[in-house]
Every structure is written in structure tokens, then in C-alpha cells.
Asks: 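Sharing a structure with you now.
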Amino acid sequence: MNTQLKKGLLDVCVLSVLQRGESYGYQILKDLSGYIDLSESTLYPILRRLETSHAVTVRSVEHEGRLRKIYTITDSGIQQIQEFLTDWTEVETIYLYIKEGMPCD
């Protein structure tokens with residue numbers, strides 16, 4: 001899959017998890033595990049990028065003697081999901097056009 005397309009999909013997947021409720025890194029990985037292959041080394045830069053773009057907020061809470069970062073989606077993050085869904089309709093149209101032009105098996 002094209003790297004830029006995948007990058008956008010991963011951002012929206014993470015935002016979608018957070019739209020269901022605030023969460024932390026490991027739980028986000030678990031929530032997405034049945035849908036997309038995502039590693040910690042990929043997730044945390046996504047979360048930092050989303051924080052920088054104000055799509056999520058982060059706060060630290062103590063959990064079992066350690067600090068855990070809790071992520072919450074913002075209105076801007078919800079808007080990013082809505083924009084993705086609107087854009088995806090156009091992507092589907094292009095996909096169907098390309099697929100119709102492919103020879104049958």
C-alpha cells in the first residue's frame with residue numbers, strides 16, 4: 001500500500017479508537033489488532049503527530065507506580081474523521097472506475 005495513503009489511514013484508525021473513549025497506547029494497539037497491523041514503533045509517532053496537530057490531548061495518570069499517558073480525541077480530531085469519511089467517498093468512486101477497467105479472470 002502507498003505509504004502516504006497508509007499514513008492517513010493509520011491516523012484515522014487511531015482517532016476512531018479514541019472517538020469511542022479515551023485510551024492509552026497499549027490499549028489502542030489491542031483495539032486495532034483485529035483490523036490493522038500496527039506496532040508500538042509506529043503508534044507512538046502517530047500519537048505525537050496527532051497531539052501536535054491538536055487532534056488529541058494527552059494527560060498523565062499514575063498506574064501501578066508508573067505514569068501512563070491517556071489520549072483523548074478533540075473536536076479537531078473528530079473533524080479529521082469526518083473529512084476522511086467525506087474524502088473516502090471520492091476514493092471509492094476512483095477505485096470502482098479503476099477496477100471496472102481491469103480484465104476479468
Side-chain angles (χ1 to χ4, degrees):
M1 178 183 287
N2 177 288
T3 305
Q4 289 300 322
L5 179 59
K6 188 172 184 178
K7 178 182 171 186
L9 287 172
L10 292 176
D11 287 5
V12 174
C13 286
V14 171
L15 288 171
S16 182
V17 169
L18 296 174
Q19 188 175 24
R20 292 164 170 79
E22 65 182 17
S23 193
Y24 56 96
Y26 181 70
Q27 186 61 50
I28 294 169
L29 288 172
K30 282 177 51 178
D31 290 344
L32 289 174
S33 67
Y35 303 97
I36 194 161
D37 186 26
L38 187 64
S39 67
E40 286 184 47
S41 62
T42 302
L43 174 63
Y44 289 104
I46 290 169
L47 288 168
R48 282 192 295 279
R49 183 171 57 248
L50 292 172
E51 182 183 6
T52 300
S53 70
H54 306 289
V56 302
T57 58
V58 62
R59 63 184 170 84
S60 295
V61 298
E62 189 172 331
H63 177 76
E64 297 180 2
R66 296 177 44 186
L67 287 180
R68 175 181 281 174
K69 289 185 176 185
I70 304 294
Y71 298 91
T72 306
I73 194 168
T74 64
D75 289 341
S76 175
I78 292 170
Q79 183 178 350
Q80 283 186 33
I81 293 173
Q82 292 169 340
E83 289 170 3
F84 170 83
L85 292 173
T86 300
D87 291 345
W88 194 255
T89 302
E90 184 177 344
V91 171
E92 284 180 314
T93 302
I94 294 167
Y95 168 83
L96 291 173
Y97 174 78
I98 294 168
K99 186 176 179 180
E100 287 172 1
M102 297 297 296
C104 295
D105 290 346

Asks: Which pair of non-hydrogen atoms, one from Cys13 and one from Ile36, has the smallest distance, and what is that distance?
Replies: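 The pair with the smallest heavy-atom distance is SG-CD1, 4.5 Å.
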Asks: Could you grab the distance from atom CD of Gln27 to atom CG of Leu32, nearest 0.5 Å is fine?
Replies: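 If I round to the nearest 0.5 Å, the distance is 10.0 Å.
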Asks: What closest approach, in Å, do Ser53 and Ser76 show between heavy atoms, and which atom pair accounts for it?
Replies: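 The answer is O-OG, 4.0 Å.
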Asks: Yes or no on side chain to side chain contact (heavy atoms under 4.5 Å, CB included) for Gln80 and Leu50, after CA distance, side-chain angles and deciding distance?
Replies: CA-CA 10 Å; Gln80 283 186 33; Leu50 292 172; 4.1 Å; yes
Asks: Could you list the residues that satisfy side chain to side chain donor-acceptor pair (under 3.5 Å) with Thr57, not counting sequence neighbours?
Replies: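 Once residues adjacent in sequence are excluded, Thr57 has no partner under the side chain to side chain donor-acceptor pair (under 3.5 Å) criterion.
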Asks: Check whether any side-chain N or O of Arg20 sits under 3.5 Å from a backbone N or O of Ser16 as a donor-acceptor pair, and report yes or no.
Replies: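 Yes.
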Asks: Mind checking side-chain contact (heavy atoms from CB on, under 4.5 Å) for Arg59 and listing every partner two or more places apart, or none if nothing turns up?
Replies: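 Counting only residues at least two positions away or on another chain, Arg59 forms a side-chain contact (heavy atoms from CB on, under 4.5 Å) with Glu22, Val61, Ile70.
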Asks: Taking ring-ring contact (aromatic ring centres under 6.0 Å, His included) as the cut-off, I'd like each qualifying pair that reaches into residues 13-57, sequence neighbours left out, listed once.
Replies: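 Sorted result for residues 13-57: empty, none.
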Asks: Which pairs pass ring-ring contact (aromatic ring centres under 6.0 Å, His included) with one or both residues in residues 56-85, sequence neighbours excluded?
Replies: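 The answer is Phe84-Trp88.
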Asks: Looking at Ala55, is its backbone amide N or carbonyl O close enough to the side chain of Thr74 to form a donor-acceptor pair, meaning the two atoms are under 3.5 Å apart?
Replies: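 Yes; judged by distance alone, with no hydrogens or angles, the pair exists.
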Asks: Please, which pairs that meet salt bridge (charged side-chain N to carboxylate O under 4.0 Å, His left out) have at least one residue in residues 41-56, sequence neighbours excluded?
Replies: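 Salt bridge (charged side-chain N to carboxylate O under 4.0 Å, His left out) check on residues 41-56 returns Asp11-Arg49.
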Asks: Could you walk me through whether Leu47 and Ile28 pass the side chain to side chain contact (heavy atoms under 4.5 Å, CB included) test, one step at a time?
Replies: CA-CA 10 Å; Leu47 288 168; Ile28 294 169; 4.1 Å; yes
Asks: Applying the 4.5 Å side-chain criterion to the ILVMFWY set and letting contacts propagate, would Leu18 and Leu85 be lumped into a single cluster?
Replies: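 Yes, Leu18 connects to Leu85 through the hydrophobic network.
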Asks: Filter on salt bridge (charged side-chain N to carboxylate O under 4.0 Å, His left out), then keep only pairs touching residues 82-99, sequence neighbours left out; what's left?
Replies: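 Not a single pair qualifies under salt bridge (charged side-chain N to carboxylate O under 4.0 Å, His left out).
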Asks: Shortest non-hydrogen contact from Lys69 to Ser60?
Replies: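 Closest pair (atom of Lys69, atom of Ser60, distance): CG-OG, 4.1 Å.
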Asks: Keeping to residues at least two apart or across chains, list the salt bridge (charged side-chain N to carboxylate O under 4.0 Å, His left out) pairs with something in residues 27-36.
Replies: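 Every candidate salt bridge (charged side-chain N to carboxylate O under 4.0 Å, His left out) pair involving residues 27-36 fails, so no pair, neighbours aside, qualifies.
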Asks: Please enumerate all residues that pass side-chain contact (heavy atoms from CB on, under 4.5 Å) together with Thr42, with sequence neighbours excluded.
Replies: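 With neighbours one apart ignored, the set is Leu10, Leu38, Ser39, Ile46.
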Asks: Report yes if some heavy atom in the side chain of Leu15 is under 4.5 Å from a heavy atom in the side chain of Ile78; otherwise report no.
Replies: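 No, side chains not in contact.
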